[in-house]
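The structure appears below as structure tokens.
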Protein chains: 2
Amino acid sequence: MGATKAAFFTDKQNSIANMAKALGHPARIAIIEYLVKVNACICGDIVNELPLAQPTISQHLKELKQAGLIKGTIEGNSVCYCIDEKVVDRLHEYFKNISQRLEKKNNCC
Amino acid sequence: MGATKAAFFTDKQNSIANMAKALGHPARIAIIEYLVKVNACICGDIVNELPLAQPTISQHLKELKQAGLIKGTIEGNSVCYCIDEKVVDRLHEYFKNISQRLEKKNNCC
DNA sequence: TCTTTATATCGCAATATTACGATAATAGAA
DNA sequence: TTCTATTATCGTAATATTGCGATATAAAGA
């Protein structure tokens, strides 16, 4: 096996898991944090910032983009990347909701 | 290659990435959501709830536990699992912070 | 046009994840 | 003690991820 049984879970569960998976690598967290700091930048800026080769950064950007976390706009011969606020907000709301629901309950085990 | 270059990133980045990675699978999201709903339960309850075999559930629980997202307490011959509120709060705060910082900036690309 | 710059994609090797049958380990019941 | 219930671990096959050199692609400049 090895393939995730995504079909057995809800769309929302798969969607949240996809976003979390995209953030499940320190390089991609570093990319997100850099984008928060500089607002927007091109791929080359991130290559200069992180200790990874250009194809590797490009691949990480692709995964963040596929998960919807960032947007890329072609500007001349470079690509301007920035965070998709809506998607980050969705994650924020998700964990906020869980936190609030946990507050109302007793501590268990 | 294939090994993540975790040593090049900060402890915080690695920590957030680890938590996100643990949530990066729909089965583990489903387990978290079930635990939020029932507050606490034993492994067998989750096995009855999800379309996965017992060893697979046990393995997912192990990963959630290693990431600090859940706690397990031995109760007789079963184990009581529940969510670690503090860790979920840390994730909540992380995304809240990013959301707030993004609000103050212009939309880019 | 030819060259440079900026990204993306291909292909591959190393490693990690996913899923589960078989089996071990442990506690409680008979 | 023997049986049952509950969970963890081992072993393994299928698949996915990570990282990067080589190369392709596309736009801008000389």
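Each chain gets a letter, A, B and so on, in the order the sequences are listed, and its residues count up from 1. These figures come from a predicted structure and were not determined experimentally.
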Within the distance-only criterion (no hydrogens, no angle test), does the side chain of Asn48(B) pair as donor or acceptor with the backbone N or O of Gly44(B) below 3.5 angstrom? yes
Given side chains that start at C-beta, do those of Ile83(B) and Val36(B) come closer than 4.5 Å, heavy atoms only? yes
Under 4.0 Å, counting only non-hydrogen atoms across every strand here, what does Ser78(A) touch: a base, just sugar-phosphate, or nothing? sugar-phosphate
Could you please name the option among dT18(D), dT9(C), dA8(D) that lies closest to any side-chain atom of His25(A)? dT18(D)
Would you call Tyr34(A) and Ile46(A) a side-chain contact if the rule is heavy atoms closer than 4.5 Å? yes
Could you check how far CD1 of Ile46(B) sits from P of dT6(D), rounded to whole Å? 14 Å
Whole-Å distance, Leu50(A) CG to dT7(C) P, equals 14 Å
Taking only N and O in the side chain of His60(B), is any of them less than 4.0 Å away from OP1 or OP2 of dT17(C)? no
Whether the side chain of Asn77(A) and the base of dT5(C) hold a donor-acceptor pair under 3.5 Å is what I'd like checked. yes
Whole angstrom value for the distance that separates P of dA8(C) from CD1 of Ile57(A): 11 Å
Side-chain N,O (Lys21(A)) to OP1/OP2 (dT17(C)) below 4.0 Å: no
Base, sugar-phosphate, or nothing: which does Ile42(A) touch, judged by heavy atoms less than 4.0 Å apart? sugar-phosphate
For dT6(D), does OP1 or OP2 lie under 4.0 Å from any side-chain N or O of Tyr81(B)? no
Output the rounded distance in Å from CD1 (Ile74(B)) to C1' (dT26(C)). 9 Å
From CG of Leu61(A) across to P of dT18(D) the rounded distance in Å is 13 Å
Could you state the atom-to-atom distance from CG of Asn18(B) to P of dT17(C) in whole Å? 10 Å
Could you check whether Lys65(B) gets within reach of a base, just the sugar-phosphate, or nothing at all, counting any heavy atom under 4.0 Å? nothing
Under 4.0 Å between any heavy atoms, over every strand shown, what does Gln59(B) touch: base, sugar-phosphate, or nothing? Just pick one. base
Write down the distance between CD (Glu63(B)) and C1' (dA16(D)), rounded to a whole number of angstrom. 14 Å
Do the side chain of Gln54(B) and the base of dA8(D) come within less than 3.5 angstrom through a donor-acceptor pair of N or O atoms? yes
Would you find a donor on one side and an acceptor on the other, under 3.5 Å apart, between the side chain of Gln100(B) and the backbone of Asn97(B)? no
How many Å lie between CG on Leu64(A) and C1' on dA8(C), as a whole number? 16 Å
Does dC20(C) have OP1 or OP2 sitting under 4.0 Å from an N or O in the side chain of Thr56(B)? yes
